Amino acid sequence: MSALPARREAPAAPAGAGFDVAAVRAQFPILSTTVHGRPLVYLDSAASAQKPRAVIDALARFYERDYANIHRGVYELSQRASALHDVARRKVQRFLGAADWREIVFVRNATEAVNLVAQSFLAPRLGPGDEILVTEMEHHANIVPWQLVAARTGAKVVAAPIDDTGELDLEALAERIGPRTRMLGVVWVSNVLGTVNPVEEIVALARRRGVPVLIDAAQAVQHLAVDVRALDADFLVFSGHKVYGPSGVGVLWGRLEHLSAMPPWQGGGDMIERVAFEGTSFAEPPFRFEAGTPDIAGIHALGVALDWLEGLGLEAVAAHEAALLARAEDALARIPGLRLLGAPKRRASLLSFTLEGVHAHDLGTLLDLEGIAVRTGHHCAMPLHARLGVSASARASFAAYTSVEEIDALARALRRIAESWR
Ligand code: PMP
């Protein structure tokens, strides 16, 4: 494996200032397209972020110049592709602050990473009556994979409650950790409420009771700096497509001691040491968990996306998004009949809401006619919507390329709809 690529240093920027959003937007070709004859106002970055030119070009260049299957050929091209693959893994290692490149497993997405942990790490440890603790604000990706292994083993999934502001009730969470708790799965940033959970505190709480923790960082890594060594969790998952990278690539970070002890979860090429009909031995992590040909170009482009984000500076992006969020919260709260879901103390880059008298899907369609793309429905968090007492909501989510003008366009459109539909 090649040496760890140097972290790209970003120029320090004071909060909210010095961030040239026009220059950032210019790097996203899709942002200059139109929808229904109107300029696209893309406010669904929490579902998937748009891609900068650097990532689009990296994909094209890789296919044009460097593409071959990896870890197989002795020929130059395959070795070049393999070297780029190794570099991408090192970039993810650096991005997460992981101690060892072997802790980085490439998967398809955050969902697949949770399934891997549920099946390979947890299932062998589960028995009847055991519990997997999650929270009421989880995405289905951090509920259903646990339910599948629970159903097979006689264990059950239980949820720690949230309060009416959309914060986790940490005392109740601590009480739910009992002698039968075998795993805690917790989301870092809620994809519906935007709540930023105090994951360090939660991990410490669980570790004191000897309970392993998986952090769903699908909505976190694009907004907050991650240092898995400081976090001290057992597993962390994210998807490349939400962090300006291509779709089809995700990451599982796991402690090496866990990964080394875990059995494979899928069999095939590339994950073996030696195969014979009498028996097969398996490769060391991470390869043990990477059966078959991966998304070679996509993984390379994910590394480029992380470079791109680090080049912009996560802190500068976070400050820009915080300013957008404050403006949106203020403007939306003043729209008659509009209810913002939750009011957490710390929120990251998204807002969900309902509008009295207008179904969320209708709202989505009306906004779309104005070129404004928001997410509508239950956002893959049905238990959370049930807890909030709504069946569906609309969600606007922001990224590095979101402009103040787009927030204002959303607020204006919502006000018009609120006034004409009441
Ligand atoms: N967790 C959270 C909090 C999410 O928002 C999402 C995506 N909406 C996921 C997990 C799953 O991500 P993916 O569909 O990329 O696997």
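For reference, positions follow the sequence shown, starting with 1. Everything quoted here is computed from the prediction, not taken from an experiment. All ligand and atom numbering here is 1-based and tracks the order in the structure.
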Flag yes if more than 12 heavy atoms outside Arg207 fall under 6.0 Å of its CZ atom; otherwise flag no. yes
Note the single closest protein heavy atom to atom 4 (C) of ligand 1, along with its residue, its atom name and the distance in Å. His139 CD2, 3.3 Å
When you measure from atom 14 (O) of ligand 1 to every protein heavy atom, which one gives the shortest distance, and what is it? Thr111 OG1, 3.7 Å
Taking the six-membered ring for Trp and the full ring for Phe, Tyr or His, determine whether the centres of Phe398 and His320 are under 6.0 Å apart. no
So, does Lys242 sit close enough to ligand 1 that a heavy atom of it is under 4.0 Å from the ligand? yes
Contacting atoms of ligand 1, where contact means under 4.0 angstrom from a heavy atom of Val187: 3 (C)
Mark yes when over 12 heavy atoms from residues, nucleotides or ligands other than Glu171 sit less than 6.0 Å from its CD; otherwise mark no. no
Is it the case that more than 12 heavy atoms not belonging to Arg346 sit under 6.0 Å from its CZ atom? no
Checking a contact table here: which protein heavy atom is nearest atom 1 (N) of ligand 1, and how many Å away? Asp216 OD2, 2.5 Å
Test ring pair (Phe, Tyr, Trp, His ring centres under 6.0 Å) applied to Phe235 - qualifying residues, sequence neighbours left out: Phe121, His258
Closest protein heavy atom to atom 5 (O) of ligand 1, given as residue, atom name and distance to 0.1 Å: Gln219 NE2, 2.7 Å
Show the atoms of ligand 1 that are less than 4.0 angstrom away from any heavy atom in Ala110. 12 (O), 16 (O)
Between His85 and His71, is the ring centroid distance below 6.0 Å? yes
Nearest non-hydrogen protein atom to atom 12 (O) of ligand 1, with distance, is Ser239 OG, 3.6 Å
Would you say the side-chain atoms of Asn109 and His241 include a donor-acceptor pair closer than 3.5 Å? no
Examine Trp265 together with Phe282 and report whether their ring centres are nearer than 6.0 Å. no
Could you say whether the N/O atoms of Glu112 and ligand 1 ever approach to under 3.5 Å? no
Mind checking whether His241 contacts ligand 1 via backbone (N, CA, C, O), side chain (CB onward), both or neither, at a 4.0 Å heavy-atom cut-off? side chain
With a 4.0 Å cut-off on heavy atoms, is Asn142 in contact with ligand 1? no
